[in-house]
Amino acid sequence: MSAAKAPKGTMVQAGDIELHCIERGAGDPIIMIHGGGPGASGWSNFNRNVEAFAQKHRVLIVDLPGYGASSKPALPPTLLGFYAGSIRAMMDTLKIERAHLVGNSLGGMTSLKFALEYPDRLDHLVLMGAGAFAPFSPMPTEGLKHLLAYYAGEGPTSQKLEAFVRAMVWDQSEITPQLIAERYQASIDPEVMASPAMGKGVLPRFEPIWRDDLSVISARTLLIWGRDDRVVPLDSSFLLLKQIRDCQLHVFAQCGHWAQWEKAPAFNRLVLDFLASGSRASPASAASGGAA
C-alpha cells in the first residue's frame, strides 16, 4: 500500500529483538502499528497519514516482529502479548513514558493487549478494524480466508497476493501493479516465510482478549471501521463499543479494512481532533460506549 518506497528508519532495541522504526515530527508521541497481512509493514499501512500527524506529534511507525525490516524471531503462541511487550520495550529504549497507540487490524489487537497489560503507558487508543469475534457474521470472513491460504498449499503467489489486497479495500481502482509487486516481494522474504505470523491455513493462537473485561481500559478510545470491511466486519466493533467504557465509533461508508488508507484525509482530521481531547475516562463516563 505504499505510494513510494519506504524510507530507511532506525533499528531500536526491544528486549531481545530489534524493531525497525520510522520517526517523524515532534510533540506527544504516537505509535502506529500495522496489520498482519502478507507483506505488511508500518510504512505500507500508514504512509498516507504520517505527514499530517507529524505536524503536531512525534510519529513512530513501527514494523512488528516478523514484518518489514524488524527482527524475525520464531513467534511464540502468546502472540499478542509478545507484540505488546515488544512495543513497551521499544518505548523503554526510546525513553517514552506514555504514547498514543493507533493500530490497524493485528495492530489494533496488539494495541488492545497493550491497553490491558500496560495501562499507565498509554494515552489515547485508536483502533481500525481490530480483529475480534464478529457476533453476526460468518467466520472466517472472505478476507481471512485469503489470509489463511496465503502461505498454505503451493505457497505464496502474486495472484494470491492480489486477491488478498482486493478484499481489503472498497475502491478497486486504488490497487496498482506497483502495490501488488511491493507487497508480494516483501511477503516472500525467506526469513518471513520461515515463520509467518499468519497464513498457513489456520488462525494463530491469539489470546482471546475480547473475552477479557475490556471495561478496565481507562484510555479514551476511538474505533474506526469501514462499513464494507470484508476482513473484520463492522459487527466486531459493536463488541468493543459495548465493553470499553470511554469509547466512540466512527464508520466510513464505501470503505474496507484499510480506513486510514482509503479515507486518509478524513481519517487524519478525525484522529487528530480526537487526540487533542482529554486522555482518561472520568468516573462519570463509566457507562459503556457511545457513537460518533
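This is a predicted model, so every value here is computed, not measured. Heavy atoms only: backbone and side chains are in, while hydrogens, waters and symmetry mates are out.
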*Search all heavy atoms of Gln13 against all heavy atoms of Thr93 and return the closest pair with its distance.*
O-OG1, 2.6 Å
*Heavy atoms, side chains only, cut-off 4.5 Å: are Phe238 and Leu249 in contact?*
yes
*Is there a side-chain contact between Ser70 and Ile17, using heavy atoms and a 4.5 Å cut-off?*
no
_Nearest 0.5 angstrom please: Ile87 CD1 to Arg121 CZ, how far?_
11.5 Å
*Start with the C-alpha distance between Lys160 and Glu154, add both sets of side-chain angles, then the distance that settles side chain to side chain contact (heavy atoms under 4.5 Å, CB included), and finish with yes or no.*
CA-CA 10 Å; Lys160 280 186 175 182; Glu154 76 276 29; 3.5 Å; yes
*Short side-chain donor-acceptor distance under 3.5 Å, His57 and Asp28*: no
*asked:* I'd like to check Arg48 versus Phe267 (side-chain heavy atoms, cut-off strictly below 4.5 Å). Are they in contact?
replied: no
*Can you check side chain to side chain contact (heavy atoms under 4.5 Å, CB included) on Arg230 and Thr141, steps first, answer last?*
CA-CA 6 Å; Arg230 291 184 278 162; Thr141 61; over 6 Å; no
*Between Glu262 and Asp171, what is the shortest heavy-atom contact and its length?*
OE2-N, 3.1 Å
*Just by modelled atom types, is the Gly68 backbone N or O under 3.5 Å from a matching donor or acceptor in the Lys72 side chain?*
yes
*Evaluation steps, side chain to side chain contact (heavy atoms under 4.5 Å, CB included), between Phe114 and Leu125*: CA-CA 10 Å; Phe114 189 100; Leu125 182 63; over 6 Å; no
*Side-chain donor/acceptor of Asn49 to backbone N/O of Gln260, under 3.5 Å*: yes
*Would you kindly confirm whether Trp43 and Met11 end up in one hydrophobic cluster when ILVMFWY residues are joined by side chain heavy atoms under 4.5 Å apart?*
no
*Within the distance-only criterion (no hydrogens, no angle test), does the side chain of Ser71 pair as donor or acceptor with the backbone N or O of Glu18 below 3.5 angstrom?*
yes
*Just checking, any donor-acceptor pair under 3.5 angstrom between side chains of Ser44 and His34?*
no
_Nearest-0.5 Å distance that lies between atom OG in Ser41 and atom CD1 in Ile22_ = 7.0 Å
*Decide, yes or no, whether a salt bridge links Asp92 with Arg88 under the criterion of side-chain N to carboxylate O below 4.0 Å.*
yes
*Between CZ on residue Arg220 and CG on residue Leu122, distance to nearest 0.5 Å*: 12.5 Å
*Do Glu51 and Gln55 have side-chain N/O donor and acceptor atoms under 3.5 Å apart?*
no
*Which pair of heavy atoms, one from Gly85 and one from Tyr118, lies closest together, and at what distance?*
CA-OH, 3.6 Å
_Passing option when Arg58 is tested against Ile96, Ile31, Ile30 for side-chain contact (heavy atoms from CB on, under 4.5 Å)_ = Ile96
*Are any side-chain N or O atoms of His124 and backbone N or O atoms of Leu222, one a donor and one an acceptor, separated by less than 3.5 Å?*
no
*Can you find a heavy atom in the side chain of Gln248 that is under 4.5 Å from one in the side chain of Phe274?*
yes
_Phe82: ring-ring contact (aromatic ring centres under 6.0 Å, His included) partners, not counting sequence neighbours_ = none
*To the nearest 0.5 Å, tell me how far Trp261 CH2 sits from Leu179 CG.*
5.0 Å
_Min side-chain heavy-atom separation Val169-Val165 under 4.5 Å_ = no
*What distance do Leu116 atom CG and Leu214 atom CG have between them, rounded to the nearest 0.5 Å?*
6.0 Å
*asked:* Between Leu241 and Trp225, does the side chain to side chain contact (heavy atoms under 4.5 Å, CB included) criterion hold? Intermediate values first, please.
replied: CA-CA 12 Å; Leu241 183 65; Trp225 240 264; over 6 Å; no
*Answer yes or no: is there a donor N or O on one side and an acceptor on the other, between the side chain of Asp228 and the main chain of Gly256, under 3.5 Å?*
no
_Counting C-beta onward and ignoring hydrogens, is there a side-chain heavy-atom pair between Val62 and Ile33 closer than 4.5 Å?_
yes
*asked:* I'd like to know if the side chain of Tyr83 reaches the main chain of Gly107, judged simply by a donor and an acceptor atom lying under 3.5 Å from each other, with no hydrogens or angles considered.
replied: no
*asked:* Rounded at 0.5 Å granularity, tell me how far CG in Leu106 sits from CG in Asn45.
replied: 10.0 Å
*Answer yes or no: is there a side-chain heavy-atom contact under 4.5 Å between Val192 and Tyr67?*
no
*Find out if a path of hydrophobic residues (ILVMFWY) with successive side-chain heavy-atom gaps under 4.5 Å connects Trp170 to Leu144.*
no
*Is the closest side-chain heavy-atom distance between Phe164 and Arg183 below 4.5 Å?*
yes
*Shortest non-hydrogen contact from Ala14 to Met90?*
CB-N, 3.8 Å
*Could you pull out the closest heavy-atom pair between Gly35 and Ser105, with the gap in Å?*
CA-CB, 4.0 Å
_Heavy-atom closest contact (Gly129 atom, Asp229 atom, distance)_ = CA-OD2, 4.1 Å
*Mark yes or no for whether Asp123, through its side chain, and Ala99, through its backbone, hold a donor-acceptor pair below 3.5 Å.*
no
